[in-house]
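A short write-up of the structure that comes next.
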Amino acid sequence: MKYNIAIDGPSAAGKSTIADILAEKLGFVHLDTGAMYRAVAYKAFQDDIKIDDEENIVKMIEKMDLDMTNDGRVILDGEDISEKIRTNEISMGASDVSKLQGCREALVAMQQKICENGGYILDGRDIGTVVLVDAPVKLYLVASAEARAQRRVLQNIEKGIEADYETILEDIKKRDYQDSHREHSPLRKADDAIEIDTSDMSLEEVTERVLEIIKEKVGE
Ligand code: DC
């Protein structure tokens with residue numbers, strides 16, 4: 001059976017970008033678990049369900065048809081919402097719904113089911129500590145809030161969405177605090193994860209370092 005790879009870290013630390021590169025190089029599938037929390041927030045806004053109404057959010061999740069495609073699209077009830085879930089409003093909404101234990105339990109179960117046969121790279125906040133506790137490769141990517149905001153600005157410009165540096169920096173700091181101080185599965189490095197500070201590293205350097213780690217851990 002193929003193994004899975006866990007990548008955790010704060011918002012905009014480059015987890016998704018690295019996961020995409022690794023997936024391509026290793027022939028794995030990248031599952032962006034943050035996009036699943038974003039889809040829940042999107043649907044709650046659409047259905048006018050309060051973001052802290054756990055009971056109704058859980059009922060909504062049970063009924064929603066969420067398809068995370070192998071090529072990274074997010075399809076909710078037949079609609080491709082991949083781009084729509086990247087706004088600042090949905091980012092904060094996702095961080096808010098991710099505090100709810102019922103929401104976490106439902107999404108963690110979906111994530112574990114998707115990757116039960118291995119060959120997946122999951123990126124998120126609780127992958128090494130909850131979702132894939134037995135993964136042989138666990139990475140914890142960090143970078144300064146300023147470096148992350150700068151990168152997110154460039155990414156957003158490329159995608160043609162909101163790209164105000166101060167707003168993005170503030171949003172990153174707020175989510176860092178919220179994601180690492182929540183009661184259920186707060187963001188933290190798993191004891192057996194390897195931390196990489198990418199603040200002053202190029203994408204190529206991070207990729208090289210990660211491939212070295214994978215080689216050490218699983219000999220590939
Ligand atoms: O990775 P992201 O920025 O797209 O995630 C959006 C929010 O979802 C993030 O602020 C916290 C939450 N999240 C989580 O609690 N657990 C995960 N595994 C992934 C994301």
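Atom set for the values below is all heavy atoms of this structure, side chains included, hydrogens, waters and symmetry mates excluded. Keep in mind the model is a prediction, meaning the values are calculated, not measured. In each ligand, atom 1 is the first atom listed, and ligand 1 is the first ligand listed.
In the vicinity of Gly124, heavy-atom distances shorter than 4.0 Å reach the ligand 1 atoms 17 (C), 18 (N), 19 (C). Within ligand 1, counting atoms from 1 as listed, the ones closer than 4.0 Å to a heavy atom of Ser98 are 11 (C), 12 (C), 15 (O).
Heavy-atom contacts from other residues, nucleotides or ligands closer than 6.0 Å to CG of Asp200 number 12 or fewer. Atom NZ of Lys217 has 12 or fewer neighbouring heavy atoms from other residues, nucleotides or ligands inside a 6.0 Å radius.
Considering Ile85, Asp8, Thr33 only, the shortest heavy-atom separation from atom 19 (C) of ligand 1 involves Thr33. When the options Arg182, Arg38, Gln111 are ranked by their closest heavy atom to atom 15 (O) of ligand 1, first place goes to Arg182.
Expressed to the nearest 0.5 Å, how far OG1 of Thr129 lies from NZ of Lys189 amounts to 11.0 Å.
Remark: the Ser199 side chain and the Arg148 side chain contain no N/O donor-acceptor pair separated by less than 3.5 Å. With no hydrogens or angles considered, a side-chain donor-acceptor pair links Gln155 and Arg152 at under 3.5 Å. Side-chain contact annotation: Arg182 with Ser98, donor-acceptor N/O pair under 3.5 Å present. At a cut-off of 3.5 Å, with distance as the only test, no side-chain donor of Arg188 or Ser180 sits close to an acceptor on the other residue.
Atom 10 (O) of ligand 1 has Asp179 OD2, 2.8 Å as its closest protein atom, hydrogens excluded (heavy atom only). Nearest to atom 3 (O) of ligand 1 among the protein's heavy atoms is Arg175 NH1, 2.9 Å. Nearest protein heavy-atom neighbour of atom 8 (O) of ligand 1: Tyr37 CB, 3.5 Å.
Note: an N/O pair closer than 3.5 Å links Asp126 and ligand 1 by distance alone. Backbone and side-chain nitrogen or oxygen atoms of Lys15 are examined, and none is located within less than 3.5 angstrom of a nitrogen or oxygen of ligand 1.
At a 4.0 Å heavy-atom cut-off, ligand 1 touches Arg125 through backbone and side chain alike. With a heavy-atom cut-off of 4.0 Å, Arg104 touches ligand 1 through its side chain alone.
Between Glu54 and Cys103, the closest side-chain pair of non-hydrogen atoms is not below 4.5 Å.
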